[in-house]
Amino acid sequence: MKPGDVRIKPTELYSSLLTVFGPQDWWPARTGFEVAVGAILTQQTSWKNVEKAIRELRRKKLLTAKKLAIAKQPAIESCIRPAGFYKQKARRIRLLAQEFPRIRESAKKLKLPELRTELLELDGVGKETADSVLLYAFDFPILPIDAYTHRITQRIYGFDGDYEELRLFYESRLPRDPSILNEFHALLVELAKRNCWKKGPDCQSCPVMGECKPAGSKLK
DNA sequence: GGCCAGGTGTAAA
DNA sequence: TTTACACATGGC
């Protein structure tokens with residue numbers, strides 16, 4: 001099966017998931033800056049542990065770009081320890097906080113590709129993180145591709161590709177509408193969390209089980 | 001006790 | 001261009 005050889009269309013997948021799961025109301029953050037911090041924290045880390053880190057940053061009144069930009073490294077580290085890689089992430093969050101005012105201004109002036117380039121220049125901001133910030137903090141029409149999306153794509157469409165291949169595959173088949181892409185990504189995560197690639201072929205809860213390949217396909 | 005989680009940067013093959 | 005590895009805690 002090739003990328004063009006689609007079983008259920010992404011638009012139909014979107015509709016089914018929205019019907020079954022309902023709106024996911026993402027990203028769980030209060031400000032654009034919090035989106036960016038969460039995006040760093042969630043790298044290779046479960047959202048449960050990110051929540052603990054966010055809560056602690058908030059409790060210590062550190063969860064603003066202004067405060068984090070001048071906070072002591074150990075103060076940040078002690079808050080975010082549950083999210084893992086805490087020394088690395090503390091340094092990167094501090095740098096992010098220092099750059100965020102400039103990024104916010106760029107978001108008003110620049111077009112998507114240019115702003116994306118700026119984000120990618122930040123330490124610790126790779127494609128997924130950059131695209132999450134673009135979509136969930138600044139409302140640009142772009143779809144972040146995470147590990148879940150790779151697995152679901154493998155499962156439903158029977159193929160996997162690199163980051164840009166998957167992003168273009170979905171973006172070219174969905175409306176160029178940030179609210180749709182926002183919801184779509186969130187719904188994929190919800191599906192992935194409940195999904196059955198771990199449970200085997202008997203999974204009854206997955207709304208698109210009939211579209212899935214049998215378990216055991218090579219995952220990327 | 002082992003494996004993995006909404007990745008990224010660096011260095012070597 | 002691809003692959004390997006470090007980074008680290010917490011849940012199951």
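Here is how names work: the chains are called A, B, and so on, in the same order as the sequence lines, proteins then strands, and each is numbered from 1.
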(message) Any donor-acceptor pair under 3.5 Å linking the side-chain atoms of A:Tyr170 with those of A:Thr149?
(response)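 Checked: A:Thr149/A:Tyr170 side chains show no N/O donor-acceptor pair below 3.5 Å.
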(message) Quiz question: by atom type and distance under 3.5 Å, do the side chains of A:Asn182 and A:Ser179 form a donor-acceptor pair?
(response)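 Checked: A:Asn182/A:Ser179 side chains show no N/O donor-acceptor pair below 3.5 Å.
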For nucleotides 5-7 of chain C, tabulate all protein N/O to nucleotide N/O atom pairs closer than 3.5 Å, reporting atom names and distance.
unit_1	atom_1	unit_2	atom_2	d
C:dC7	O2	A:Gln88	OE1	3.4

(request) Just jot down the ring pair (Phe, Tyr, Trp, His ring centres under 6.0 Å) partners of A:Phe33, sequence neighbours excluded, or say none. (result)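 So A:Phe33 forms a ring pair (Phe, Tyr, Trp, His ring centres under 6.0 Å) with A:Phe100.
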(message) Among residues at least two apart in sequence or on other chains, which ones pass ring pair (Phe, Tyr, Trp, His ring centres under 6.0 Å) with A:Phe85?
(response)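 Ring pair (Phe, Tyr, Trp, His ring centres under 6.0 Å) check on A:Phe85 returns nothing, list empty.
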To the nearest Å, how far apart are [X] [atom1] and [N] [atom2]?
X: A:Leu96; N: B:dG7; atom1: CG; atom2: C1'; value: 15 Å
X: A:Lys193; N: C:dG11; atom1: NZ; atom2: P; value: 15 Å
X: A:Leu166; N: B:dG7; atom1: CG; atom2: P; value: 14 Å
X: A:Ile145; N: B:dG7; atom1: CD1; atom2: C1'; value: 14 Å
X: A:Glu164; N: B:dG7; atom1: CD; atom2: P; value: 16 Å
X: A:Ile76; N: C:dT9; atom1: CD1; atom2: P; value: 17 Å
X: A:Glu121; N: B:dG9; atom1: CD; atom2: P; value: 12 Å
X: A:Lys89; N: B:dG9; atom1: NZ; atom2: P; value: 13 Å

(message) When the P atoms of C:dC5 and B:dC4 are compared, how many Å lie between them, rounded to an integer?
(response)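 It works out to 15 Å between them.
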(request) Pick the P atom in C:dA8 and in B:dG1, then give their distance to the nearest Å. (result)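 Result for the P pair: 23 Å, nearest Å.
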Applying salt bridge (Lys or Arg N to Asp or Glu O under 4.0 Å), name anything that partners [X], two or more places apart in sequence or on another chain.
X: A:Glu165; value: none
X: A:Glu56; value: A:Arg59, A:Lys60
X: A:Glu105; value: A:Lys108
X: A:Arg92; value: A:Asp123

(request) Within residues 46-62 of chain A, find the residues that approach DNA chain C with a heavy atom at under 4.0 Å, and present them sorted by residue number. (result)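 The answer is A:Asn49, A:Lys52.
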(request) Enumerate the residue pairs fulfilling salt bridge (charged side-chain N to carboxylate O under 4.0 Å, His left out) with a member in residues 64-84 of chain A, sequence neighbours excluded, ordered by first and then second residue. (result)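 For residues 64-84 of chain A, and leaving out neighbouring residues, there are no salt bridge (charged side-chain N to carboxylate O under 4.0 Å, His left out) pairs at all.
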(request) May I ask you to say what A:Leu122 touches in the nucleic acid, namely base, sugar-phosphate or nothing, with a heavy-atom cut-off under 4.0 Å? (result)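 Sugar-phosphate: the residue A:Leu122, judged by heavy atoms under 4.0 Å, touches backbone atoms but no base.
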(request) Hey, could you give me each pair passing ring-ring contact (aromatic ring centres under 6.0 Å, His included) that has a residue in residues 40-81 of chain A? Not counting sequence neighbours. (result)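 For residues 40-81 of chain A, and leaving out neighbouring residues, the ring-ring contact (aromatic ring centres under 6.0 Å, His included) pairs sorted by first residue read A:Trp27-A:Trp47.
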(message) Can you list, in residue-number order, the parts of residues 124-136 of chain A that come under 4.0 Å of DNA chain B, counting heavy atoms only?
(response)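 Nucleic-acid contacts, sorted: A:Gly124, A:Val125, A:Gly126, A:Lys127, A:Glu128, A:Thr129.
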(request) Sequence neighbours left out, what passes side-chain hydrogen bond (donor to acceptor under 3.5 Å, both in side chains) with A:Arg167? Give chain and number order. (result)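 Scan of A:Arg167 (side-chain hydrogen bond (donor to acceptor under 3.5 Å, both in side chains), adjacent residues dropped) gives A:Glu164, A:Glu171.
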(message) Both A:Asp123 and A:His185 contact DNA chain B. Which one's nearest nucleotide lies toward the 5' end?
(response)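 Final value for this comparison: A:His185.
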(request) Using the six-membered ring wherever Trp is involved, compare the ring planes of A:His185 and A:Trp26 and label them parallel, tilted or perpendicular (cut-offs 30° and 60°). (result)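 The rings of A:His185 and A:Trp26 stand perpendicular, inter-plane angle above 60°.
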(request) Return no unless some side-chain N or O of A:Arg151 is found under 4.0 Å from OP1 or OP2 of B:dA5. (result)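 A:Arg151 to B:dA5 OP1/OP2: side-chain N or O found under 4.0 Å.
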